[in-house]
Amino acid sequence: MNTVVLIPGRRSLRYAGFVDSGETCTGTIRGFRWQGPRAALDEVRTIVQAMGLLDDAPSVVVHGLFGGEEFPAPVSLGKDALLRLERVARQSPLHVASLIETALAVEQVFPGAPARLAFETSFFVDLPLRERTYAVSPDLSHKLALRRWGYHGLFHESAAREAARRLRKRGLDCPPRILSICLDAQPEIAAVLGCRPITVTSGATPLEGLPGETNSGEIDPAVALALAGEAGLGPEGANALLVGESGLSGLVGRRVRLDDVLTSTRNDCVRAREVLLYRMLLASGAAAAALGGVDAVVFSGRYVSCSAVVAHDVLPHLERAGALAPQAAQWMIFAKPLEGVLAETASLQ
Amino acid sequence: MRIIVFNCGSSSLKYRLIEMPGENQLAGGEAERVGPKTAEPARIHHQVSGRKETIVVEMPDHATAFAEVMKLLERDPELVPEAIGHRMAHGGPNFKQHVILDDAVMAELERIQELAPIHNPPAVRLVAACRRLYPKLPETVVFDTVFHATIPEVARSYALPAALVAKFGFRKYGFHGTSHQYVAQEAAKLLGVPFAHFNAVSCHLGSGGASLCAIVNGRSIDNTMGYSPLQGLVMSTRSGDLDPAVALTLLVRAAGNGAAVEAMLNRGSGVLGLSGMSADIRDVVARAADGQAADIDQLTVASQVYLWRIRKYLGAYLTLVGRAHCVIFTDTIGEKVPYVRWAVTAGLQCFGLDIDPQKNDVAGGLPADLSTPASRVRILAVATNEEMAIARFSHDLLSHTQAERIAL
């Protein structure tokens, strides 16, 4: 079966073409936001057509960051899905509006192709109440649709499933306690029991949690208010600073990627690396407490090649505290890229 | 040396007169409803050697309350203080030790008081009043943040641009340090471990504020509170950790009124916000356990969220500490609510914690060891005594020169 995977971002559109499960082409269309999704998808169509992917009616899978509680699983793209997207648009206006535009363009550019939407948040729809609830009044939570989400659910779910499969093969016959570490531009750690997430570091938005390439991650809420007030940035300015100028780049003082920070020998990256690894250590310990111990550690994400740096720093601490089962010291890598994970959802139709 | 220790709240003044170094408590009490008139009159509950009395007296400010307390003590020449020890919530970036008050200290206290706008200003006003009314009495200032001065840079840094941090001083300070240090020292004594080699996680669970502290070699290496006491655990009326984007969304909804949002997050959230019925987790747990309440789902969620946050931080800090000697529970909830201690430690055998349900339920006299003999990490309940800790620090400061203290 041929599959075309589309990952719309803020400025660009990533795409990949698959014949059966093998990737045949992959790339990025720049200026996606500027030229609009229709023009970008026309370009993708031309490319995949040249690769022969349209000869056999392909499936199309579109990546969505946020689907809210409306989308606990991938769905077929159609009138019903679009209506449901409109219902969640209020909760994540920028992402969902862009996704709706892309979805409409997919229907025009790939008419008749079975298309699906797959969301990062679906895996976390059933996050336990104690984990997903903030300590504010239920009225306020309801009004703002306020709750914790994870934003790398596709990686966590696939990586945890793969880890569980390997553990079963080794003879573990109870639901495995998995520490899932996603190394991406905005890294995220989840505790997964069997196939169900128990904790996740991100929050109502991807801003909370571990520091990312430009995201501050967790800070005292009083600091956010002080940035808006005393520092004179206002709420929008403070948000822009926390999302776009902080995190690892803010610590280093120049724009950096996560893999730069984790592997660079440059002095200016040392502090950022230490802060990131420290926060990962705390998040891993919290996840271990949530699970009551860890049977397996699995890494995934765009920068999965940097797993060893994190593993060598964090896992000995878990081991020393006693929270790591002996076999878990042999951490696992789930190396499949996001495009491949999404392509799999097409085969699940 | 008779040291009077003052613990200043926004509308109260707690005091204890302690004979040092014998640690005998000679007198104590609390001035209530200090400040503008309220529905009930201001009064002082005063206690000497088990004899209690209540004195109704107008106390429009902390200076008057202080003067009234001193009048009560001066009725007996054996109770006249020889030194004053003050508790100060926030020491800012420069106070890395507790100090003897002088002009320079006073100036710095005034300069940094807005770092803790609820707690520091009344305490600073009290210090000033004491100096004015009793200029010959030596005074010390003991900071809640000093124990956390050893938190390493990696743990106290927020991932923010360096220029911004330099300009506004955004960093983790940590609070409840006096209590964490006191109970840790008591626990180390109990276990027979030299404090310089003592590792633990201390859980200060108050009926108001709450924080956990990771301690390695007798030093604080992390605390769940942050730049302010808002960050961290779910507290009686404070939200604790919250997505910063949510704080900013609330600010937009409040039309930029930061004070309103701070009030909502500091005084209308936490256990009170979640439960809608009480700021005290004991009330919420009891009503949820009763099973008859109409709002049982809401109460169950409130208690679960409160407990879950403690459990996660406990795991985080046990991982950080490595081989902990013990986990310590202290302050009102930590000392008196067995269910909370059980709920946050049960099932953590992987971390070496094995709580004994029977010992936990009947723990009366403190300190108490609540763990089974098999527990690799001891689980202790230790009564906190911040006033005694302040008296110890004050006596130490006033009895030794700086060179002697360093040598000690």
Side-chain angles (χ1 to χ4, degrees), chain A residues 129-131 133-138 140 144 146 199 203-205 207-208 211 216-226 228-231 234-235 238-239 241-242 245-248 250-251 253 271-272 274-275 278 281-290 292-293 317-318 320-323, chain B residues 154-155 157-162 164 168 170 172 226-228 230-231 234 239-249 251-252 256 258 261-262 265 268-271 273-274 276 298 301 304-309 311-323 347-348 350-352 376:
Chain A
L129 268 171
R130 60 191 178 188
E131 171 69 8
T133 305
Y134 285 105
V136 296
S137 77
L140 185 66
L144 297 180
L146 185 59
T199 69
T205 72
L207 180 55
E208 194 181 354
S216 67
E218 188 178 294
I219 57 170
D220 189 328
V223 170
L225 295 175
E230 284 94 280
N239 190 60
L241 182 128
L242 293 173
E245 297 170 41
S246 300
L248 305 175
L251 287 168
R271 183 157 162 265
E274 285 176 352
V275 169
Y278 181 78
L281 166 67
L282 293 181
S284 299
H317 286 269
L318 282 171
R320 207 153 65 93
Chain B
V154 68
S157 299
Y158 293 119
L160 296 171
L164 194 77
F168 294 99
F170 295 134
K172 174 181 285 222
Y227 174 72
S228 80
L230 179 55
Q231 194 177 355
V234 176
S239 65
D241 292 337
L242 184 73
D243 189 323
V246 173
L248 295 172
T249 301
L251 191 58
V252 171
V261 178
E262 282 190 12
L265 296 179
S269 299
V271 174
L274 280 167
Q298 186 179 346
V301 170
Q304 285 189 351
V305 171
Y306 172 89
L307 297 165
W308 189 241
R309 191 83 60 85
R311 186 182 180 86
K312 284 173 64 181
Y313 268 117
L314 183 56
Y317 282 0
L318 283 167
T319 303
L320 180 61
V321 168
R323 290 277 164 177
L348 290 187
C350 62
F351 283 101
R376 173 168 57 78

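Convention: sequence-line order gives letters A, B, ...; per-chain numbering from 1.
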If I compare all heavy atoms of L230(B) with all of A222(A), which pair ends up nearest, and what's the gap? CD2-N, 4.0 Å
Pick from L318(A), L248(A), L129(A) with the largest number of heavy-atom pairs that fall under 4.5 Å of chain B: L318(A)
Select one option (side chain, backbone, both, neither) describing which atoms of L164(B) are under 4.5 Å from chain A's heavy atoms. side chain
For E131(A), which residues count as a side-chain hydrogen bond (donor to acceptor under 3.5 Å, both in side chains) partner, sequence neighbours excluded? W308(B), K312(B)
Is V154(B) close to chain A through its backbone or its side chain, or both, or neither, when contacts mean heavy atoms under 4.5 Å? both
At a heavy-atom distance under 4.5 Å, which candidate from F168(B), Y158(B), Y306(B) has the highest pair count against chain A? Y158(B)
Looking at A238(A), G229(A), A204(A), which has the largest count of heavy-atom pairs under 4.5 Å with chain B? A204(A)
Pick whichever of G292(A), G203(A), G217(A) has the most heavy-atom pairs under 4.5 Å with chain B. G292(A)
Most heavy-atom pairs under 4.5 angstrom with chain B, which of V275(A), V223(A), N239(A)? V223(A)
Pick whichever of L144(A), L241(A), I219(A) has the most heavy-atom pairs under 4.5 Å with chain B. I219(A)
What part of Y227(B) lies closer than 4.5 angstrom to a heavy atom of chain A: side chain, backbone, both or neither? both
If every non-hydrogen atom of E262(B) is compared with every non-hydrogen atom of L225(A), which pair is closest and at what distance? CG-CD1, 3.5 Å
Taken in chain and number order and not counting sequence neighbours, the residues that satisfy side-chain hydrogen bond (donor to acceptor under 3.5 Å, both in side chains) with T249(B) are none
For chain A, which candidate among V234(B), L242(B), V252(B) shows the most heavy-atom pairs at distances under 4.5 Å? L242(B)
Checking heavy atoms, do the side chain of L146(A), its backbone, both or neither come under 4.5 Å from chain B? side chain
To check you understand the geometry: which heavy-atom pair defines the closest contact between L274(B) and V136(A), and what is its length? CD2-O, 3.6 Å
Which atoms form the tightest heavy-atom contact between G293(A) and C350(B), and what is the distance? N-SG, 3.5 Å
Return the minimal non-hydrogen interatomic distance between S269(B) and A135(A), and the atom names on each side. CB-O, 3.2 Å
When rounded to the nearest 0.5 angstrom, what is the spacing between CG in L160(B) and CG in L251(A)? 7.5 Å
Proximity breakdown for V321(B) and chain A, heavy-atom pairs closer than 4.5 Å: backbone
Side chain, backbone, both or neither of T199(A) within contact of chain B (heavy atoms, under 4.5 Å): side chain
Non-hydrogen side-chain atoms of D243(B) and Y134(A) separated by less than 4.5 Å: yes
Turns out that what part of L314(B) lies under 4.5 Å from chain A's heavy atoms comes down to neither
What residue, out of G258(B), A245(B), G268(B), has the most heavy-atom pairs lying under 4.5 Å from chain A? A245(B)
What option among V261(B), L307(B), L251(B) has the most heavy-atom pairs under 4.5 Å with chain A? L251(B)
Atom OH in Y317(B), atom CG in L281(A): separation rounded to 0.5 Å? 11.0 Å
So which residue, G247(A), A283(A), P211(A), ends up with the most heavy-atom pairs under 4.5 Å with chain B? G247(A)
Looking at P161(B), G226(B), G240(B), A155(B), which one has more heavy-atom pairs under 4.5 Å with chain A than the rest? P161(B)
Under 4.5 Å heavy-atom distance to chain B, tell me which part of L242(A) shows up: side chain, backbone, both or neither. side chain
Return the minimal non-hydrogen interatomic distance between A321(A) and L318(B), and the atom names on each side. CB-O, 3.6 Å
